[in-house]
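None of these values were measured; they are calculated from a predicted model. Read the numbers this way: they start at 1 and go in the same order the structure lists the ligands and their atoms.
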Amino acid sequence: MNVVEWRIRGTRLPELMKPCVDCSSKLHRPSGKFRMNANGKLLDVWLLVFCAKCGRTSKVAIHERVPVAVLGNERIRRYESNDSASIATALMDQNIARRNNYRLDWEGAWCLEVQPLASCGGHVLVRFEVPVPIRPVKILMRGLALSRGKVVEAVGSGLITMPIDVNAKASSDFEFRIAPALPVVPGTGGRDAGA
Ligand SMILES: [Zn+2]
């Protein structure tokens, strides 16, 4: 059995869909910085973002009035040093996004890395290194260099076996099988809007 792995990789941080209070822009970018404020033994931690159009800085609340002891020295040190992994984790945290009323815009922020399949079908594991919501049909179109119609047809006829709906957005790992009868030309990957 021919097993290959395809990866959804982040190429940069996603942007935040969140309206600016000063201008008409609906997009913010992460600044790469945290800001902390201590009040006795309580800490506030924000992620600083700026408007993509006018540059106005806004704050995304990460922790509000949380005891220093709860965060712990190691985490506080990472916030103080603007640790890039902590910034990515905070930005992509769904609870933080919900509380701060933003959604992520992944356009141009990810790519699909494709391992070529042998011509005789096989098993593909799609791994999400970043949680980009993408319709599987788009991943298959790109990875197999097939049109949307061909992908849908192959799934319908059983030449491609998918455990999930090809048209429902996925953002976590899944696998699919390609029957030897399906002629495919492996794609080279690339960037997309993920819509
Ligand atoms: Zn603005």
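Here the CG atom belonging to Asp44 is positioned 12.0 Å from the CZ atom belonging to Arg35, to the nearest 0.5 angstrom. Taking CZ of Arg135 as the start and CE of Met141 as the end, the distance is 12.0 Å to the nearest 0.5 Å. Atom CG of Asn82 and atom OG of Ser31 lie 7.5 Å apart (nearest 0.5 Å).
The distance between the ring centers of His63 and Tyr79 falls below 6.0 angstrom.
Counting only protein N, O or S atoms closer than 2.8 Å to the Zn ion (ligand 1) gives 4.
Salt bridge status for Glu175 with Arg177: absent, with no side-chain N to carboxylate O gap under 4.0 Å.
The salt bridge (Lys or Arg N to Asp or Glu O under 4.0 Å) contacts involving residues 75-84 comprise Glu74-Arg77, Glu74-Arg78, where partners must be two or more places apart or lie in separate chains.
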